[in-house]
Structure formats: C-alpha cells, structure tokens
Amino acid sequence: MPTTEAQDKQYIARTMELAAKAYGRTSPNPLVGAVIAKDGQVVGEGYHHRAGNKHAEILALEEAGEAARGATLYCNLEPCCTSGRTGACTEVIIPAGISRVVVSMRDPNPENNQGLKRLEEAGIEITLGVGAVDATRLNAPYIKRVTRGLPYTIVKMAMSLDGKIATNTGDSMYITGEESRHKVHQLRNEADAVMVGIGTVLADNPQLNVRIDTADLRHPQKIIVDSKARVPTRCRTITKDPRTIVAVAAKASPTRLQALREVGAHVEIIEGSPVRVDVRELMKRLSELGIVNLLIEGGGGLAASLFEAGLVDEVVTFVAPMIVGGAKAPGPVGGCGIRSLTEAHLLSEVTWEQIGSDMMVRGRVVNGDQSLPGITISE
C-alpha cells in the first residue's frame, strides 16, 4: 500500500525527533534519524547516538529485520556510501530489500553525497526534499562546518533589564537567577566547546564546566582567547581541565607559552595578526580540530569581534528584572559599535521563554557578507 504525502511528512518529522535526541553528541558527524514503515506501520527506528557508533539507518534496519523487505526508509539526511568507522549504509540498505527511500536533504559533504545515486542505481525509488527546511535547521552546525570550514557559533549573554552585564565596579555575580544559570549549563552540555576572552578569565576566574545532574554529562572543550598569553596558569579553567585551548597571537611571550604548556594547556598560535588573535583564523582552526558547536560566554570585546566578522549564527540572551545603571557599567557587546541602525545585527526565528524570574530570548543572526576578511579581537 503506497504511503500518502501526509504520511511521508509524518515519518520524516519523526526522523528529526529521533535525531535531535543526540544533539551535541555526534560531532563531527551530523544528526540523523531513520524510520522504516510498511503498510502504514512503523517497523523500525533508530538514530545516530555518537560518532563511531552505528548509523541511524543500520539501527532501524536491525529493528525491522525481515519486515524491511518492500518497506520505505525515511531519513532526514542522505544515507552515506563511504566506508568509515561504521561502513557504508547504502551497502546495508540495498540487500535489506528496501523498495523506497525518502530523504529530506542531500549530504553537503562531497565525500558523502553519492548515497542516493548508489541507491537509485540499485533500483530503489528515491523521494528527495520532504521536510528539507526543518532538516537544514536541525543540522545547521554540521552544514556550516562542511561547507564553510567554520563552527556554528552561539553567543550567550546575561544582562540586566537596562543592558548591563556588571556594575561600574565590575560586580557581576549574579545578575541572572539560578534557573537561568542552570539553563546555561544545559547549553554547555550540548556544546563541543565553550569560549571566553582573557578579560572574563581575569575578572571572574570561571570554571566553564557542566554542573548539572544528568545521566548524559559531557564537559565541553574550554577555549581562552588571550592574544598576549596573560592567563594565569592556576586559573580555574585550566586547573579544572588542563587540556584547555589558549589561543594566542604570533608575538605572545615565549616564556608565558612555555609556562602554559608545562601545566598541560593546549596552546594555539593563531596567524593573521602579530599582536591580536584573528577570530576568523581562530574559527578555521577550531573547525579543523573537530569543533562543530561553539558556545561563546564572554566578554564584550570577543563578542564584538565575532559580530563584526559575521561569525555569529545564534544569540541566547538572559534578561534579569533589575536595573543596574551607570554610564561606565559594561554591556554584553563591546567594540566601537555601529554608526547607524541600518547596520544592526538582526535576529530571525526569535523565541521568548520565561526562565524563573528571567526572560530568555533566542534567535538566529541574519548575517550579511559571509566572506569578510579576518577581524582581530578588541580585548
């Protein structure tokens, strides 16, 4: 019995629901879910849990067993046809007897985008494009890395109702409430890495680890952007995780770099500017290191540099119901700022959610020119 268009959409939506269960766990691989349906019934499901584990299609086929013969396979992303750590999915799909494959989008990775061609050559009917918009949103981090060689970057901000992140004396502990801080730890738990500037380290001495009660706890890679290698070797970011990446400029002190290496820090010398870390070159390097989802937690100079370079993909802002005041009290984004509101960084797909007594605003950045030259950091 052929499936209807409504059923195709329903099963594809289910693949994305399954895929999202592994958000933040599959890097550098994409989020993929699979559903196998026959005669209006689901006979197999699966999703990719972690890089190196079985792919979604394989798990769904294993659950379906012989019921896969003559059935339809649904995937939010094109099945792979290359033999990596888990083998090519196409070479398992074909002998399983699947008669039709419905896919939301092709794999943007040129090494993996021949899967549908291989299946079609084997006589399997292909339907492409069902749920493509939602599938693209789901795998936006993966798509950005494989097409542009850059991580998907989320800037997190926490501020008072009048836009301050600290008082004019530097007191910032805590502007937002406990519930918002818990949400930030959830964001960290989903990220491959969390990044701060040297100013934040010197002012707050953050740990940048995940401190929530969850069965699936994963601490992100820590990154400190520190052009002159001023970071103390005994700061909590490094003592809590000696593998912390410290990104420095080419002319950083060799003595300081040696001291950081001796305590286990991973020093990355970023070329492009001799005295400032070039954020575009830094992002390229982080992508090469396998970082797909990147969370930025401060400070204002780092955020400004990323916005100016067109490197921010998403913003998550926590707004506390308090007024701080003070002309010299800092805001979440520093730098020189824009000259006209027509140059403002706009957000789309904006959501609003109350978190305790705070408000969380989240949206995707509408970027302009994505090929801007390297922008250096204002620290």
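- Using a 4.0 Å cut-off between charged side-chain N and carboxylate O, Arg14 and Glu45 make a salt bridge.
- Taking the side chain as every heavy atom from C-beta outward, Glu57 and Ile36 never approach each other to under 4.5 Å.
- The CG atom of Asn113 sits 6.5 Å away from atom CG of Asp107, with the distance rounded to the nearest 0.5 Å.
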Open item on the list: Pair Leu295, Asp192 - check side chain to side chain contact (heavy atoms under 4.5 Å, CB included), show working.
Closed with: CA-CA 8 Å; Leu295 180 65; Asp192 296 324; over 6 Å; no
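- Hydrophobic clustering keeps Val312 apart from Val292 (ILVMFWY residues linked when any side-chain heavy atoms are closer than 4.5 Å, directly or through intermediates).
- The pair Asp241-Arg236 does not meet the salt-bridge criterion, since no charged nitrogen lies less than 4.0 angstrom from a carboxylate oxygen.
- In this structure, His345 and Phe307 have tilted ring planes: the angle between them lies in the 30° to 60° band.
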- [ ] List the steps and the verdict of side chain to side chain contact (heavy atoms under 4.5 Å, CB included) for Thr244 and Ile223.
- [x] CA-CA 6 Å; Thr244 296; Ile223 304 166; over 6 Å; no
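- Taking hydrophobic clusters as Ile, Leu, Val, Met, Phe, Trp and Tyr residues chained together by side-chain heavy-atom distances below 4.5 Å, Tyr23 does not share a cluster with Val210.
- Ile198 and Val246 fall within a single hydrophobic cluster, where Ile, Leu, Val, Met, Phe, Trp and Tyr are joined by side-chain heavy atoms under 4.5 Å apart, directly or via other members.
- Residues Pro220 and Asn209 form no side-chain contact, since every pair of their non-hydrogen atoms from C-beta on lies 4.5 Å or further apart.
- Between Asp358 and Thr176, the side chains place no donor N or O within less than 3.5 Å of an acceptor N or O (distance only, hydrogens not considered).
- When only modelled atom types and interatomic distance are considered, Arg100 and Thr127 share a side-chain donor-acceptor pair under 3.5 Å.
- Gln186 and Glu190 share no donor-acceptor pair across their side chains, judged by distance under 3.5 Å alone.
- Using modelled atom types and a 3.5 Å distance limit, the side chains of Arg25 and Asn189 yield a donor-acceptor pair.
- Comment: Glu353 does not engage Arg362 in a salt bridge, judged by the lack of any side-chain N to carboxylate O separation of less than 4.0 angstrom.
- Using a cut-off of 4.0 Å between Lys/Arg side-chain N and Asp/Glu carboxylate O, Glu281 and Arg285 are scored as not salt-bridged.
- Salt-bridge formation is detected for the pair Lys144/Asp313: a Lys NZ or Arg NE/NH1/NH2 atom is positioned less than 4.0 Å from an Asp or Glu carboxylate oxygen.
- At a cut-off of 3.5 Å, with distance as the only test, no side-chain donor of His48 or Asn53 sits close to an acceptor on the other residue.
- Side-chain contact check for Thr214 and Asp216: no donor-acceptor pair (N or O, by modelled atom type) lies under 3.5 Å.
- Under the 4.5 Å side-chain heavy-atom criterion for Ile, Leu, Val, Met, Phe, Trp and Tyr, Val319 and Met360 are members of distinct hydrophobic clusters.
- Ionic pairing of Lys183 and Glu179 is not present here: no N-O contact between side-chain nitrogen and carboxylate oxygen is shorter than 4.0 angstrom.
- Tyr74 and Asp8 are linked by a side-chain donor-acceptor pair at a separation below 3.5 angstrom, with hydrogens and angles left out of the test.
- With respect to the salt-bridge test (charged N to carboxylate O, under 4.0 angstrom), the residues Arg137 and Glu349 qualify.
- Here the side chain of Asn112 pairs no donor or acceptor atom with the backbone of Cys80 at under 3.5 angstrom.
- Residues Tyr47 and Leu59 do not share a hydrophobic cluster, clusters being chains of Ile/Leu/Val/Met/Phe/Trp/Tyr side chains in contact below 4.5 Å.
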